[in-house]
Amino acid sequence: MLKLLMPLVLLAIVIGLVVVADRPRPRADFVFHNGQDVATLDLQKMSWSMDLRAARIVFEGLARNDAFSPGFEPIPAAAEAWEISPDGKTYTFRIREEARWSNGEPVRAHDFVYSWRRALLPDTAADYFKLFTIIEGAKPFYDWRTRALEAFAAGESDYATGDELWAATEARFNETVGLRAIDDKTLEVRLIRPVPYFLDLMAFAVFYPVYPPLVEQYDVLDPAGSGRIVSKPGWTKPPHIVSNGPFMLTEWRFKRDMTFEQNPHWWDRDSLDVRTMQAITINDPNAQVLAYQTGAVDYLADVTAAFRREMFAQKQTFLDEHAEQVAELRAQGLDQFEIDRRLPDDPRKHTHVVSAFGTYWYNFNCLPNLLDGRPNPFADARVRRAFAMTIDKQTIAEKVRGMGEPVARSLVPPGSIPGYTPPAGLKCISDGKTDAEREAIAAEARALLAEAGWPNPSEFPVVD
């Protein structure tokens, strides 16, 4: 009997230990849902919005966007000031004396050089590496490293070992790329041309610095002998991670939550109103909204529930009910959040639709032939133009999306980059105010199809 009971007793003990070890944590000062689970906190490798949001919590770049300014203008962050050369191609950043890593070590100009070099290595496969190619010599360096790795893998390299190739890579970067740490607190960046939005890029997480003494322990030469640098993710997890932002990541439970605590070494710690934050993962979109409505979370980064259009419509109804007061508050120059704070309490007012720097569009297969070898009509720009002209963008925005989004005329939204006016873009049938105007635009599209050799659209090849 004892032998039969022992497995059950051991199982009960294990379950008890798991329950004790997994006691609910005290509620953080601020709890939010980050959209989805964070994929990576490797700054140079990240791409998704949930990664970028988490990065802004624990890391800091040379500049940050001012959330309280109408244009979200870049303001000093890890850099206390900068100078721009008269030709607009050289930026000199002065890093704050009080800027510190979460282990107390000073943030140095070399940390940025090291981090941006990581982004420019084809080894890293950074999604946003092209943003760095506005730096003088960056694209030639990337191309050189790519060719050098290919030659090394083919056994045709001038370098006998991966160490020799890496030494040559470091030397080439230092000699040819317009990025230099003049001293510990001064960083010089030389661009290939003036870039009006360069300071905005400094507030983008992929340009934030990583802590070289830690990361270089995890960025190692491929033991298989390919000559590449292999990045291991261990440094991005607590307790190893070292960051320079307002908070530190103290716990990361996969598919469950992330816990952040104030970084005691952050230079602007006195400005923080919360001591702890927690990002929780809730997979079901409906449960996410319910968690907010019941107070389990204080903020939802993205509302993806199928009924979000109804939530938006209810918010519009609420604003219409208080139209006179809303107009008075808007006349005072207040933003939508401050306006809502001053309106009567109502659950409907907590829904906010905020513009994001993103554009929704359809992709065309532009290859000369389809997979079965038939000619592809969309290889001709005139065909693509015709189809774009006949898409009713206004109806898609209003009836399909239904979230108050404007019609996109170009990839860059108007007013998003100071001093830049995007092209007008193609006219489409939704531009027509009358049936006759819409038919005239459609006729132009049909003429383009005929010009491209497709007078009868019904003859287009069907793709299963």
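These numbers come from the heavy atoms of this one structure, side chains and all, not from hydrogens, waters or symmetry mates.
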Legend entry - is_close_aromatic(Phe337, His352), centroid dist under 6.0 Å: yes
Backbone of [Y] reached by a side-chain donor or acceptor of [X] within 3.5 Å:
X: Asn34; Y: Ala279; result: no
X: Thr276; Y: Asp29; result: yes
X: Tyr208; Y: Ala203; result: yes
X: Thr176; Y: Arg172; result: yes
X: Glu164; Y: Ala160; result: yes
X: Arg108; Y: Glu105; result: no
X: Ser243; Y: Val58; result: yes
X: Asp111; Y: Val107; result: no
X: Arg228; Y: Asp222; result: no

Do other residues, nucleotides or ligands put more than 12 heavy atoms under 6.0 Å from [X] [atom1]?
X: Arg275; atom1: CZ; result: no
X: Arg385; atom1: CZ; result: no
X: Glu80; atom1: CD; result: yes
X: Leu367; atom1: CG; result: yes

Inset, instruction - Apply side-chain hydrogen bond (donor to acceptor under 3.5 Å, both in side chains) to the pair Asp268 and Ser271, showing each step before the final yes or no. - result: CA-CA 6 Å; Asp268 197 22; Ser271 69; 3.1 Å; yes
Do the side chains of [X] and [Y] get close enough for a salt bridge, i.e. N-O under 4.0 angstrom?
X: Glu338; Y: Arg341; value: yes
X: Asp200; Y: Arg64; value: no
X: Asp372; Y: Arg374; value: yes
X: Asp340; Y: Lys315; value: yes

Inset, instruction - Applying salt bridge (Lys or Arg N to Asp or Glu O under 4.0 Å) between Asp123 and each of Arg145, Lys45, Arg118, report the one that passes. - result: Arg145
Mind listing the closest non-hydrogen atom pair of [X] and [Y] along with its distance?
X: Ala445; Y: Ala386; answer: O-CB, 3.4 Å
X: Trp101; Y: Pro209; answer: CH2-O, 3.4 Å
X: Thr236; Y: Ile241; answer: O-CD1, 3.5 Å

Inset, instruction - Please step through salt bridge (charged side-chain N to carboxylate O under 4.0 Å, His left out) for the pair Lys139 and Glu136, ending with a clear verdict. - result: CA-CA 8 Å; Lys139 182 62 164 59; Glu136 180 183 289; over 6 Å; no
Legend entry - Residues Leu62, Ile95; criterion side chain to side chain contact (heavy atoms under 4.5 Å, CB included); working and verdict: CA-CA 8 Å; Leu62 294 166; Ile95 297 172; 4.3 Å; yes
Legend entry - Derivation of the ring pair (Phe, Tyr, Trp, His ring centres under 6.0 Å) call for Phe207 and Phe132: CA-CA 9 Å; Phe207 284 87; Phe132 292 84; 4.0 Å; yes
Rounded distance [0.5 Å steps], [atom1] in [X] versus [atom2] in [Y]:
X: Phe32; Y: Arg53; atom1: CZ; atom2: CZ; value: 8.0 Å
X: Phe378; Y: Phe387; atom1: CZ; atom2: CZ; value: 4.0 Å
X: Tyr211; Y: Ser102; atom1: OH; atom2: OG; value: 9.0 Å

Legend entry - CA sep, side-chain torsions, deciding dist, call: Glu83, Arg94, salt bridge (charged side-chain N to carboxylate O under 4.0 Å, His left out): CA-CA 9 Å; Glu83 295 178 0; Arg94 181 66 186 176; over 6 Å; no
Legend entry - Candidate pair Leu449 and Val383, rule side chain to side chain contact (heavy atoms under 4.5 Å, CB included), full reasoning: CA-CA 6 Å; Leu449 288 177; Val383 175; 3.9 Å; yes
